[in-house]
Amino acid sequence: MNLSKHYSLSNKTFVKALIITSIMCFNAACNNERKAESPKQTSELIAAPADLKVGEGFKSSIGYYESEPRFSWQIGEIAHSNFQSAYQVQVATTLNLLKEQPDLWDSKKVNSSSTSWVKYQGEPLTSRQKVYWRVRVWDEENQTSNWSDPQSIELGLLTNKDWQAKWIGHPDTKQANQPSKTTIATPQYFRKSFNINKDIEKARLYITSKGVFKPYINGKEVSKVDVMTPGWTPYSKRIETLTYDMTNKLTKGENTLASILAGGWFSARIADLKDTDHVHSPLLLAQLEIHFTDGSSQVVATDQSWKVTQNGPIRFASNYDGEHYSQALEQPNWNKNNFNSATWQSAYTQKIDPAIKLSPKRHAPIRVINELSPIKIINISKDSVVFDFGQNMVGVPEIEVPSVANQKIKVEFAEALHKGEFYTDNYRSALSTNYFTPSKSGLIKYKPTFTFHGYRYIKLSGFDSSKKPSKDWVKALVQHSDIKLYDNFNSSHTKLNQLFSNINWGLKSNFYDVPLDCPQRDERLGWTGDANAFVTPSMYMADAYGFWSAWLESMREEQTDNGKIPLYIPYVEWIKWTSSGWGDAATIIPWELYIMTGDESVLSDNYAMMKNWLNYHESQSNNHISNMQTFGDWLQPYPEAKGKKANRGDTDFSLIGTAFYARSVELTLNTAKVLNQHADIEQLTKLHQQIKTAFRDTFFDKNLIPKKGKPTQTAYLLALEFNLLEPAETKKAQHLLIELIEEADNHLRTGFLGTPLLASALQEAGRSDLVYQLLFKESYPSWFYSINNGATTTWERWNSYSLEDGFNPQGMNSLNHYAYGTISRWFYEGILGITPIKAGFKEFKVSPQFSYHLNQVGGTVQTTNGAIELDWSLEGDTASISLTVPKNSAAILDLDHLTNVTILQHGKPVTGQKKLTPGEYLIHGKI
Ligand code: RAM
């Protein structure tokens with residue numbers, strides 16, 4: 001692989017590393033492709049590959065979405081094999097065929113060190129198809145491994161033609177009946193009984209909705225953990241479908257399939273829009289396919305024979321406003337056999353629209369992930385009590401409360417107390433309140449089904465006030481997209497660990513099927529600018545590739561013909577313009593995901609979108625200078641402007657727009673190089689140079705002082721980090737940036753656009769000490785300032801809240817915005833010092849940045865080849881590093897900031913080597 005081809009423009013680190021690599025290339029890693037060509041035969045088998053995955057990281061999945069899956073694995077744990085020189089993947093329709101004669105695909109032996117994203121090249125797989133696959137590898141000595149254990153994938157319904165079901169809804173909600181917004185917001189209950197007379201071999205439920213659904217089989221939840229399915233996609237273009245294994249949930253004889261349906265993101269209110277704008281009728285689509293042992297099958301599909309009522313206990317459901325429940329309307333056994341549905345109506349049906357693609361959900365749904373109990377009860381009055389969970393989060397509560405018949409129980413939510421008072425103003429128009437009306441006195445148990453809340457505190461009122469409130473009345477069910485969080489950073493510093501925890505909670509809270517700006521107020525949208533700031537940190541912290549790449553599909557669908565990328569994805573008509581630094585998600589997100597994973601398909605899938613976004617940039621510029629609208633360096637502290645304008649910071653808008661134009665061209669050019677798009681490479685190289693020159697001449701004078709707007713930290717950060725200055729000017733710009741930071745008493749003055757660039761720019765300038773100063777600042781604006789004021793998540797503003805004064809009177813004070821969590825990237829790339837040299841970390845640089853603030857740090861970076869583990873500690877001036885280089889990877893040490901470096905591998909000294917092969921190392925040096 002030609003490194004310079006990939007990274008010529010992207011990042012100075014890569015260029016530096018390139019030089020080191022070319023000097024130090026002397027071991028198996030460099031030679032393994034060549035070795036595979038001259039095989040050495042041995043009969044010994046090495047350990048089988050492990051951790052087999054398909055697509056963005058799925059294991060044995062059912063309802064899979066790709067007809068040409070990508071396969072990944074890790075080479076087995078065996079001491080003497082470090083590198084893969086070749087692989088063989090086989091795919092077959094049965095386990096027997098897989099072993100004897102793979103009928104779908106046999107890659108044969110491929111000389112390659114790739115252990116991931118190997119694309120299936122047999123006949124494209126079809127809906128419902130189940131296939132088995134396995135892999136074996138050859139190591140650097142050309143020794144063959146055992147075959148891996150087989151894995152299976154089963155596809156979902158890939159095309160609309162696979163559906164014989166019809167959309168169904170309650171007749172009163174039919175669009176033609178001009179339903180009121182109350183009718184639309186009232187959940188619908190569906191049921192259908194059917195008989196099974198034969199022995200079942202396998203059964204699958206394919207299901208989705210325009211809205212959100214909760215299905216039941218024979219009175220039991222189809223899933224105990226999935227919530228708010230199918231999630232949020234551009235509904236007029238694509239709706240995701242879920243697949244459930246029902247084989248052991250059905251019985252011979254009568255069965256009943258049922259579901260509740262509510263509006264979710266499809267209808268009713270989105271953001272602060274009036275719900276009248278979204279009076280769309282929610283609809284359900286389900287198809288249960290039962291295969292019998294005799295080879296026959298039966299399909300139970302939604303149609304007009306289904307019964308429906310809106311007289312169920314959930315009277316109202318809204319993502320933003322909460323849920324209302326009336327116990328008196330419970331209809332016991334409504335979702336079981338032998339229920340009298342005489343008062344229910346027949347569902348109305350609607351044909352499947354061929355223009356709206358139904359496709360299997362391509363990332364994990366939102367699930368209930370864990371439960372929290374209150375840490376404290378605050379009694380505020382005889383019939384009102386506040387529970388403090390000690391953690392800001394997202395989900396719903398489950399309450400078990402003594403109640404009095406017909407006395408409404410009210411459940412309210414808050415992120416913080418305002419000067420001690422329960423405060424909901426920062427939710428703005430989102431009511432975020434649940435009501436439960438008991439029909440009889442006694443203990444009631446309730447959890448909302450079709451809403452979600454962002455909160456730390458719950459206020460409960462209307463309970464039986466003769467009873468003393470107790471902590472076990474309420475528990476918090478934490479929900480988020482079910483991605484694995486790695487919990488992979490710790491240090492000797494309590495506040496730094498708290499910050500890591502806050503960023504984790506910011507991630508969990510806002511990974512709610514789509515990447516949200518915030519999860520609590522009347523917004524909760526997939527804001528692109530926020531995503532730009534957080535995509536890479538989140539990839540270090542969690543198995544988030546599937547989540548992001550699914551969102552990119554929605555982004556492609558929402559791009560307009562002239563290349564515009566809306567401010568938030570999915571788009572609902574609200575703010576029509578777009579902003580530089582936000583729409584650039586079209587280039588930033590695919591490129592960052594590629595660097596983190598090494599998967600070229602995220603580039604090829606999005607290349608057309610990237611180029612089209614450049615067209616939009618061009619349409620908004622004059623002689624390469626951008627006049628695109630922008631939110632600016634959003635929420636920069638101490639802005640000069642007053643009022644609403646203050647939110648956009650002091651950095652010149654055109655400077656910002658032009659910098660992002662250049663950046664988007666640069667990333668598209670990098671992509672063109674990876675994808676070998678020769679014609680584009682030439683044109684984009686030229687364009688990039690033109691924008692760069694225009695940027696330099698228009699915005700900075702010969703002394704590098706901005707000609708327009710104030711000299712801001714962000715102006716220099718953009719110029720430096722987006723490579724917009726001549727190499728000879730870098731030092732000067734770094735110096736001016738550092739001067740501005742020093743003038744601010746070593747505080748940052750950056751908003752959403754500048755903050756993500758700060759740490760890397762300063763480290764590049766050799767000033768990691770200054771990054772540490774910013775990171776360990778206790779006063780405003782800083783990360784620890786929020787912690788000193790009780791933060792358990794990351795905030796929208798640097799000063800959204802203070803313990804003394806409560807919420808910032810400027811408004812717009814979400815306490816759960818992930819954007820400033822962007823700093824966690826530096827935990828891995830700076831503090832641990834691990835950065836990718838080759839995309840996917842197949843080769844990575846190790847250069848921990850030490851500081852007397854910390855005497856111990858540990859963490860991991862998960863790569864497709866396994867975990868890079870690094871710990872360091874400081875004792876006096878001695879630094880000790882323990883490092884694990886995963887198999888099939890290589891580490892390039894950059895420890896020029898240490899003297900007297902010694903390296904031990906398994907107790908034996910390693911000399912003259914900066915490139916480390918897989919294994920465990922102990923490194924010592926003086927700082
Ligand atoms: C706010 C959102 C988001 C930000 C935009 C500009 O309302 O919360 O975080 O990107 O505006």
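Quick note: residue numbers are just sequence positions, from 1. Numbering of ligands and ligand atoms starts at 1, following listing order.
Taking the six-membered ring for Trp and thresholds of 30 and 60 degrees, His453 and Phe413 have nearly parallel ring planes, at less than 30 degrees apart. Under the 30°/60° scheme for interplanar angles, the aromatic rings of Trp551 and Trp548 are found to stand perpendicular. Using bins of under 30°, 30° to 60° and over 60° for the plane-to-plane angle, the ring pair Trp795/Tyr785 lands in the perpendicular bin.
Scored by the ring pair (Phe, Tyr, Trp, His ring centres under 6.0 Å) test, Phe547 finds His363, Phe511 as partners (sequence neighbours excluded).
Residue contacts with ligand 1: Trp527 is placed with no nitrogen or oxygen under 3.5 Å of a nitrogen or oxygen of the ligand (distance criterion only).
Shown in contact with Phe631 at under 4.0 Å from a heavy atom are these atoms of ligand 1, numbered in order with element: 6 (C). Per-residue contacts place Asp517 under 4.0 angstrom from the following atoms of ligand 1 (heavy atoms of the residue considered): 2 (C), 3 (C), 8 (O), 9 (O). Listed by number with element, the atoms of ligand 1 under 4.0 angstrom from any heavy atom of Glu796 are 8 (O). Atoms of ligand 1 lying under 4.0 Å from any heavy atom of Trp582, numbered from 1 in the order shown and given with element: 6 (C), 10 (O).
Remark: distances from the non-hydrogen atoms of Arg521 to ligand 1 include one below 4.0 Å. Residue contacts with ligand 1: Phe752 is included, with a non-hydrogen atom under 4.0 Å away.
Counting only heavy atoms of the protein, atom 7 (O) of ligand 1 lies nearest to Glu523 OE2, 2.6 Å.
Using modelled atom types and a 3.5 Å distance limit, the side chains of Glu415 and Asn816 yield no donor-acceptor pair.
Here OG1 of Thr792 is found 4.0 Å from CD of Gln391. Values are rounded to the nearest 0.5 Å.
The residue among Thr630, Leu525, Asn510, Asp530 with a heavy atom at the shortest distance from atom 9 (O) of ligand 1 is Asp530.
Under the side chain to side chain donor-acceptor pair (under 3.5 Å) test applied with His617, the options Thr658, Asp584, Asn612 reduce to a single match, Asp584.
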